[in-house]
Amino acid sequence: MKEDEKAKEGLERMKDEVSKSSDPIQNLKSLMANPPFKTSVAQVKMDYLLLVLSNFSKLTSIETLLQKLDEDEAITLLQYCFKAMELWH
């Protein structure tokens, strides 16, 4: 299986997993566990970013989120935030 196909399948699995949970913190932890940084499929990266931002926007407390993320998860989340700001401009 090609890497691009794996990335698309991974995105679909994440969409399914996230849609079954109403906990944005747990969803973000799941999303940060296996980000598609290495895929060359731009649409997969954009859809993943939208999943991250969608769950980030549902938070009632960023402080609570940061307390529950480990260092690697926090760094990955920051990378997504920076990418979102980059795309905004």
Side-chain angles (χ1 to χ4, degrees):
M1 179 182 290
K2 290 179 162 181
E3 288 299 315
D4 293 346
E5 291 173 13
K6 284 184 181 179
K8 289 177 185 177
E9 287 181 4
L11 173 64
E12 291 306 314
R13 279 193 304 275
M14 287 309 305
K15 284 181 179 179
D16 186 53
E17 182 178 328
V18 167
S19 71
K20 293 177 182 176
S21 172
S22 61
D23 181 357
I25 292 176
Q26 186 56 47
N27 288 344
L28 285 166
K29 288 180 72 63
S30 295
L31 289 163
M32 297 306 101
N34 193 20
F37 290 146
K38 294 182 181 180
T39 185
S40 62
V41 182
Q43 191 60 51
V44 168
K45 289 181 177 183
M46 183 58 75
D47 288 350
Y48 211 87
L49 175 62
L50 292 174
L51 275 175
V52 170
L53 294 176
S54 172
N55 281 279
F56 194 77
S57 70
K58 295 175 185 175
L59 293 172
T60 56
S61 170
I62 292 174
E63 184 176 336
T64 301
L65 169 67
L66 294 176
Q67 291 171 355
K68 293 188 177 190
L69 295 179
D70 66 29
E71 185 177 346
D72 290 337
E73 292 168 334
I75 289 169
T76 302
L77 181 59
L78 279 173
Q79 289 173 318
Y80 274 101
C81 291
F82 292 142
K83 185 62 176 178
M85 288 186 280
E86 178 184 314
L87 292 172
W88 190 280
H89 292 292

The reported gap from CD1 in I25 to CZ in F56 (rounded to nearest 0.5 angstrom) is 10.5 Å

request  = Salt-bridge test for K83 and E86: reply yes if a basic N is under 4.0 Å from a carboxylate O, no otherwise.
outcome  = yes

The side chain to side chain donor-acceptor pair (under 3.5 Å) partners of S19 (sequence neighbours excluded) come to none

Ring pair (Phe, Tyr, Trp, His ring centres under 6.0 Å) pairs touching residues 5-30, sequence neighbours excluded, are none

In short, salt bridge (charged side-chain N to carboxylate O under 4.0 Å, His left out) pairs touching residues 17-35 with sequence neighbours left out are D16-K20, K29-E73

request  = Find out if a path of hydrophobic residues (ILVMFWY) with successive side-chain heavy-atom gaps under 4.5 Å connects I75 to M85.
outcome  = no

Residues pairing under ring pair (Phe, Tyr, Trp, His ring centres under 6.0 Å) where one sits in residues 2-26, two or more places apart or in two chains, turn out to be none

Output for pair (L66 CG, L59 CG), nearest 0.5 Å, gives 9.0 Å

By side chain to side chain contact (heavy atoms under 4.5 Å, CB included), L78 pairs with (sequence neighbours left out) F82

Output for pair (L65 CG, L77 CG), nearest 0.5 Å, gives 6.0 Å

Should M14 and L53 be counted in the same cluster of Ile, Leu, Val, Met, Phe, Trp and Tyr side chains packed under 4.5 Å apart?
yes

- Query: Can L31 be reached from M46 by stepping across I, L, V, M, F, W or Y side chains whose heavy atoms are under 4.5 Å apart?
  - Reply: yes

Listing, residues 32-42 side-chain donor-acceptor contacts under 3.5 Å, not counting sequence neighbours, or none:
| residue | atom | partner | partner atom | Å |
| --- | --- | --- | --- | --- |
| T39 | OG1 | V41 | N | 3.2 |
| S40 | OG | D4 | OD1 | 3.1 |

The complete set of salt bridge (charged side-chain N to carboxylate O under 4.0 Å, His left out) pairs with one or both residues in residues 43-72, sequence neighbours excluded, reads K15-D47

Applied to residues 48-57, the side chain to side chain donor-acceptor pair (under 3.5 Å) test, sequence neighbours excluded, yields N27-N55

Taken to the nearest 0.5 Å, the spacing of L11 CG from K8 NZ works out to 10.0 Å

